[in-house]
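Note on naming: letters A, B, ... go to the chains in the order of the sequence lines (proteins, then strands), and numbering restarts at 1 for each one.
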Amino acid sequence: MPRESLKARRERADAIWDLLEEEYPDAHCALDHRNAYELTVATILSAQCTDERVNMVTPELFRRWPEPADLAEARQEELEEVVHSTGFYRNKAKNLIGMAEAVMERHGGEIPRTMEELHALPGVGRKTANVILGNAFGIDEGVVVDTHVKRLAGRMKLTRETDPVKVERDLMKVFARERWTMLSHLLIFHGRQVCAARKPRCEACVVSHLCPSSRV
DNA sequence: ATCCCGAGGG
DNA sequence: CCCTCTGGAT
């Protein structure tokens with residue numbers, strides 16, 4: 001099977017973009033948040049957990065620890081109880097406190113706005129940093145590659161890679177920068193509603209004719 | 001048994 | 001590259 005050229009892949013990506021944007025005009029970040037601090041907390045909690053579950057625990061978390069200064073002083077055991085249902089609760093509680101401490105010590109209590117500074121915070125990897133930059137600060141620094149984006153990019157053959165960093169590189173090659181943040185939202189919405197992990201509904205998919213994995 | 005807006009450590 | 005951390009939904 002001949003490898004699709006970059007030009008052909010970009011054109012197919014553009015067509016996919018147009019149809020998904022039309023299908024999900026109000027695709028957005030589904031993690032409830034009012035500011036960069038809240039989004040940072042919510043995104044750290046979102047690892048291997050549904051956003052719906054995260055949104056169940058964050059209201060109490062934000063009520064008890066409204067700002068980085070409060071979270072930096074939190075007792076880990078109390079925080080563990082609040083975030084317990086999101087899974088990985090010991091790591092997440094420890095990282096949240098460590099993140100808040102670092103934000104206080106290194107950034108005067110403000111969530112930083114660069115990939116390098118964000119990535120240096122405990123519990124903040126490239127994916128989480130991209131979420132914060134794109135959704136709290138409006139900076140298209142990269143593409144958020146979560147489990148949905150990875151699965152859909154693979155099925156649509158927009159990449160042959162499985163490592164999230166390499167998947168992101170490939171997506172950055174075929175989509176224009178100003179689309180990077182919204183691209184993740186579109187793929188995540190589509191992944192939830194149509195291109196599900198276990199039972200993809202190809203018959204209901206608006207881009208099935210552009211998808212090499214489609215069975216219809 | 002598999003999946004969910006992963007990160008850190010070896 | 002691999003492994004571990006974890007609960008809840010389906």
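Side-chain atoms of A:Arg198 come within donor-acceptor range of the base of C:dT10, with a qualifying N/O pair under 3.5 Å.
Looking at heavy atoms from C-beta onward, A:Leu118 lies in side-chain contact with A:Ile111 at the 4.5 angstrom threshold. Counting heavy atoms from C-beta outward, A:Glu23 and A:His190 have side chains that stay 4.5 Å or more apart. Between A:Arg12 and A:Glu4, some side-chain heavy-atom pair lies under the 4.5 Å cut-off. Between A:Pro200 and A:Arg155 there is a side-chain heavy-atom pair separated by less than 4.5 Å.
Counting non-hydrogen atoms under 4.0 angstrom, A:Gly125 reaches the backbone sugars and phosphates but no base. Among the protein residues, A:Ala30 comes within range of the nucleic acid bases, having at least one heavy atom under 4.0 Å from a base atom. Within 4.0 Å (heavy atoms only), A:Arg192 reaches at least one base atom of the nucleic acid. Residue contacts for A:Thr43: at a heavy-atom cut-off of 4.0 Å it reaches no nucleic acid atom on any strand shown. Residue A:Pro164 is out of contact with every strand shown, counting any heavy-atom pair closer than 4.0 Å. Counting non-hydrogen atoms under 4.0 angstrom, A:Tyr89 reaches the backbone sugars and phosphates but no base. At a threshold of 4.0 angstrom between heavy atoms, the contacts of A:Val54 with the nucleic acid are absent.
Remark: side-chain polar atoms of A:Lys92 are not paired, donor with acceptor, to backbone N or O of A:Val83 under 3.5 angstrom.
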Sequence neighbours excluded and cut-off under 3.5 Å, please list the side-chain donor-acceptor pairs for residues 63-74 of chain A, or say none.
from    : atom 1 : to      : atom 2 : distance (Å)
A:Arg64 : NH1    : A:Glu60 : OE2    : 2.9
A:Arg64 : NH2    : A:Glu78 : OE1    : 3.0
A:Asp70 : OD2    : A:Glu67 : N      : 2.9

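Between A:Thr162 and A:Gln48, it is A:Thr162 whose nearest contact on DNA chain C lies nearer the 5' terminus. Comparing A:Asp51 and A:Leu121, the nucleotide of DNA chain B nearest to each residue sits closer to the 5' end for A:Asp51. Each of A:Ala47 and A:Met56 was assigned the nucleotide of DNA chain C with the nearest heavy atom; the assignment lying further toward the 5' end belongs to A:Ala47.
C:dC1 and B:dC4 have their C1' atoms separated by 24 Å, with the value rounded to a whole Å. Comparing the same atom, C1', in B:dT2 and in C:dT6 gives a spacing of 15 Å after rounding to whole Å. Straight-line distance between the P atoms of B:dG8 and C:dG8: roughly 24 Å, to the nearest whole Å.
Read 5' to 3', the first and last nucleotides of DNA chain B with an atom closer than 4.0 Å to a heavy atom of chain A are B:dT2 to B:dG8.
Follow the hydrophobic side-chain contacts under 4.5 Å out from A:Val124 and you reach A:Tyr89 in the same cluster.
Rounded to whole Å, atom P of C:dT6 lies 13 Å from atom CG of A:Leu45. Rounded to whole angstrom, the span from the CD atom of A:Glu52 across to the C1' atom of C:dG8 amounts to 11 Å. The nearest whole Å value for the distance from the CD atom in A:Gln76 to the C1' atom in C:dC5 is 13 Å.
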*Start with the C-alpha distance between A:Asp14 and A:Arg179, add both sets of side-chain angles, then the distance that settles salt bridge (charged side-chain N to carboxylate O under 4.0 Å, His left out), and finish with yes or no.*
CA-CA 10 Å; A:Asp14 279 347; A:Arg179 293 181 167 178; 3.3 Å; yes
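Listed pair A:Arg53 / C:dG7 fails the phosphate criterion, with no side-chain N or O lying under 4.0 Å from OP1 or OP2.
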